[in-house]
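Atom set for the values below is all heavy atoms of this structure, side chains included, hydrogens, waters and symmetry mates excluded. As the structure is a prediction and not an experimental result, all values here were calculated from the model.
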Amino acid sequence: MADASSINPIPVGLDDGYAFTKIALPDGRLLAIPSRARVGQSGVTWIHEAEQRISEYETEDTVYSVGALDGAPTHFEGYPWSGLNRAVVQHALQQAGLAGKSVHAVSGLPVSSFYRKSGEHRQETIARKRDSLKQTVHPLSGALPAGIAFHEVIPEALAAWYDYVIVELEDGVTLDADRVSVPVAIVDIGGRTTDYVVVKDQGILHASSGSLQCGMLNVKQCVTDGIQERFDLETLSEQLVSHAIENKAVRLQGKNHDVAALVEAAKREVVEQIHDETRRQLGLGIELDRVLFVGGGTVALADHIANWFPHQAIAEHPAFANARGMLKYLRYVCEASDAA
């Protein structure tokens, strides 16, 4: 007998960012993996087969490796509809236990990739993203692929607004009328971009919404440049830099070196750019009821953004606000909600 979950699609909130790919599932589980992959086979044989840390996938006749490896840069224009993106997303779905399942998903695009400044949708870009993730991706491990049968795309920061105003209770779901009735700004600090959306009376104010090409990947690049200069190195592995940022130390030739000052300086440089753009987009926010910070960068930069507005707040588990909002949009708002 077929597994019922392979017939009935599973709704998934899919925030496939440039730095991390986050998944929200209807049973409350939240999952994040680094958006770390590259073209080609891994070239690694694990001593213990049960402890595989790199998986290989094929899509459009190209093999990608995903997992504990030095990933190729994701901060290029076509990443949201690339084979690299599809391999990372398939890996995330496999990690979530959705092998062989049919999936309905909502994902996102940066605000400036979704809207023109006039508010017009960038239909071609949205369609490319929507169609890309519906293409087949085969795990080379022999596992069944997770198949995305339905896929809708919304602006990333707007997803966090849906998460803010749609409230799930034990006895049902409600739209928080108090939150919907007042103007709210979402500041979404991500990997490649920082997004702004202002929603008032359920309308998006495009004069105060958009994207800044600056996020946590800029911190990583600054730290990479700094370590290379300090130790006169031509190259550094992407994983080594990630570890250095997380632990404020880099291990070279068997010895740890303190790079806390380097990491802090990189964060300050990025925060200054984000602060200036936030003031350009929102001013002092005097007509806003709430400024809500979300995104993985909000976690990493929390100490630096603590006092920008007297009425600001950080969303619960801010790195997952978009994924949660995408799932809520799928289940309660968009046309696939009946099927999902």
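- Checked against side-chain hydrogen bond (donor to acceptor under 3.5 Å, both in side chains), Ser208 has no partners two or more places apart in sequence or in another chain.
- Identified under the salt bridge (Lys or Arg N to Asp or Glu O under 4.0 Å) test for residues 244-264, with sequence neighbours left out: none.
- Under the 3.5 Å distance criterion, the side-chain polar atoms of Thr74 are matched with a main-chain donor or acceptor of Tyr18.
- Formation of a donor-acceptor pair under 3.5 Å by the His151 side chain with backbone atoms of Arg130 is found in this model.
- For Glu58, the side-chain hydrogen bond (donor to acceptor under 3.5 Å, both in side chains) criterion is met by no residue, not counting sequence neighbours.
- Take Thr278 and apply the side-chain hydrogen bond (donor to acceptor under 3.5 Å, both in side chains) test, not counting sequence neighbours, and it matches Tyr196.
- Within a 6.0 Å radius of CD1 in Ile286, other residues, nucleotides and ligands contribute 12 heavy atoms or fewer.
- Under the 4.5 Å side-chain heavy-atom criterion for Ile, Leu, Val, Met, Phe, Trp and Tyr, Val106 and Val111 are members of the same hydrophobic cluster.
- Taking every heavy atom of both residues into account, Ser65 and Glu56 meet most closely at OG-CG, 3.7 Å.
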Under 3.5 Å donor-acceptor pairs involving side-chain atoms of residues 132-149, not counting sequence neighbours:
{"residue": "Ser132", "atom": "OG", "partner": "Trp81", "partner atom": "O", "Å": "3.3"}
{"residue": "Ser132", "atom": "OG", "partner": "Arg86", "partner atom": "NH1", "Å": "2.9"}
{"residue": "Ser141", "atom": "OG", "partner": "Ala143", "partner atom": "N", "Å": "3.3"}

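- Applying the ring pair (Phe, Tyr, Trp, His ring centres under 6.0 Å) rule to Tyr162 yields the partners Tyr329; only residues at least two apart in sequence or on another chain are considered.
- Trp161 and Val167 are assigned to two separate hydrophobic clusters, defined by single-linkage of ILVMFWY side chains at heavy-atom distances under 4.5 Å.
- Rounding to the nearest 0.5 Å gives a distance of 8.5 Å between CD of Gln281 and CG of Leu212.
- In this structure, Phe231 and His257 have side chains that are in contact, with non-hydrogen atoms separated by less than 4.5 Å.
- Contact check for Lys200 versus Val182: no side-chain heavy atoms found under the 4.5 Å cut-off.
- For the residue pair Ser107 and Asp16, the shortest heavy atom distance occurs at CB-OD1, 3.7 Å.
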For side chain to side chain contact (heavy atoms under 4.5 Å, CB included), just list the numbers for Leu25 and Leu327, CA-CA rounded to whole Å, side-chain angles, deciding distance to a tenth of an Å, and then say yes or no. CA-CA 7 Å; Leu25 295 166; Leu327 179 60; 5.6 Å; no
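- Listed by first and then second residue, the salt bridge (Lys or Arg N to Asp or Glu O under 4.0 Å) pairs involving residues 173-185 are Asp176-Arg179 (not counting sequence neighbours).
- Under a 3.5 Å cut-off, the side chain of His275 and the backbone N or O of His304 do not form any donor-acceptor pair.
- Put simply, the side chain of Leu14 does not reach to within 4.5 Å of the side chain of Val103, judged on heavy atoms.
- Val291 and Tyr164 end up in different hydrophobic clusters when Ile, Leu, Val, Met, Phe, Trp and Tyr side chains are linked at under 4.5 Å.
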Glu152/Leu330 under side chain to side chain contact (heavy atoms under 4.5 Å, CB included): CA gap, chis, key distance, verdict: CA-CA 8 Å; Glu152 189 54 274; Leu330 174 61; over 6 Å; no
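- The local environment of CD in Gln239 is crowded, with over 12 non-hydrogen atoms from other residues, nucleotides or ligands closer than 6.0 Å.
- Under the 3.5 Å distance criterion, the side-chain polar atoms of Thr21 are left unmatched by any main-chain donor or acceptor of Ile33.
- Asp225 has its side chain within reach of Gln228: a pair of non-hydrogen atoms, C-beta onward, lies under 4.5 Å apart.
- The minimum heavy-atom distance between Ile227 and Ala244, with the atom names listed, is CD1-CB, 4.1 Å.
- Cluster membership check: Phe320 does not share its hydrophobic cluster with Val294, using side-chain heavy-atom separations under 4.5 Å among Ile, Leu, Val, Met, Phe, Trp and Tyr.
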Could you walk me through whether Arg331 and Glu168 pass the salt bridge (charged side-chain N to carboxylate O under 4.0 Å, His left out) test, one step at a time? CA-CA 11 Å; Arg331 300 182 76 186; Glu168 294 176 317; 3.7 Å; yes
Going by atom type alone, with no hydrogens or angles, which donor-acceptor pairs under 3.5 Å involve a side-chain atom of residues 312-319 and a protein atom two or more places apart or on another chain?
{"residue": "Gln312", "atom": "OE1", "partner": "Trp308", "partner atom": "N", "Å": "3.0"}
{"residue": "Gln312", "atom": "OE1", "partner": "Phe309", "partner atom": "N", "Å": "2.8"}
{"residue": "Gln312", "atom": "NE2", "partner": "Ile305", "partner atom": "O", "Å": "2.7"}
{"residue": "Gln312", "atom": "NE2", "partner": "Ala306", "partner atom": "O", "Å": "3.0"}

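- Gln94 has its side chain out of reach of Ser55: every pair of non-hydrogen atoms, C-beta onward, lies at least 4.5 Å apart.
- A distance-only check finds a donor-acceptor pair linking the side chain of Asp70 to the backbone of Glu238 [under 3.5 Å].
- Within the 4.5 Å cutoff, no side-chain heavy atoms of Val259 are placed close to those of Val223.
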Evaluate the side chain to side chain contact (heavy atoms under 4.5 Å, CB included) criterion for residues Ile166 and Leu175: first the C-alpha distance (whole Å), next the side-chain angles of each, then the deciding distance (0.1 Å), finally the verdict. CA-CA 5 Å; Ile166 298 175; Leu175 192 63; 4.0 Å; yes
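- Considering all non-hydrogen atoms of both residues, Leu31 and Gln95 come closest at CD2-CB, 3.8 Å.
- The ring pair (Phe, Tyr, Trp, His ring centres under 6.0 Å) test applied to Phe114 returns His121, not counting sequence neighbours.
- A donor-acceptor distance shorter than 3.5 angstrom exists from the side chain of Lys129 to the backbone of Gly108, with no hydrogens or angles considered.
- For the pair Asp27 (side chain) and Arg29 (backbone), a donor-acceptor distance under 3.5 Å is present.
- Interatomic distance, Glu234 CD to Leu236 CG, rounded to the nearest 0.5 Å: 11.0 Å.
- Here the CG atom belonging to Leu292 is positioned 4.5 Å from the CD1 atom belonging to Ile186, to the nearest 0.5 angstrom.
- Distance alone, capped at 3.5 Å, is enough to place a donor-acceptor pair between the Ser35 side chain and the Gly17 backbone.
- A 4.5 Å side-chain heavy-atom check between Pro155 and Asp195 finds every atom pair outside the cut-off.
- Within the structure, ring-ring contact (aromatic ring centres under 6.0 Å, His included) pairs that include any residue of residues 201-222 comprise Tyr115-His206 (at least two apart or interchain).
- The minimum heavy-atom distance between Arg36 and Val88, with the atom names listed, is N-CG2, 4.2 Å.
- Cluster annotation: Val299 and Val219 are assigned to distinct hydrophobic clusters (Ile/Leu/Val/Met/Phe/Trp/Tyr, side-chain heavy-atom contacts under 4.5 Å, transitive).
- Formation of a donor-acceptor pair under 3.5 Å by the Ser209 side chain with backbone atoms of Val198 is found in this model.
- Shown here are the salt bridge (Lys or Arg N to Asp or Glu O under 4.0 Å) partners of Arg280, two or more places apart in sequence or in another chain: Glu277.
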Assess whether side chain to side chain contact (heavy atoms under 4.5 Å, CB included) is satisfied between Leu301 and Lys267, documenting all intermediate values. CA-CA 7 Å; Leu301 304 177; Lys267 286 184 178 180; 3.8 Å; yes
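- Considering only heavy atoms from C-beta on, Val187 stays 4.5 Å or farther from Thr298 through its side chain.
- Scanning all heavy atoms of the two residues, the minimum distance from Val263 to Ile245 falls at CG2-CA, 4.1 Å.
- With sequence neighbours excluded, the residues forming a side-chain hydrogen bond (donor to acceptor under 3.5 Å, both in side chains) with Asp163 are Arg324, Lys328, listed by chain and number.
- Atom CG in Leu109 sits 12.5 Å away from atom CG in Leu158 (nearest 0.5 Å).
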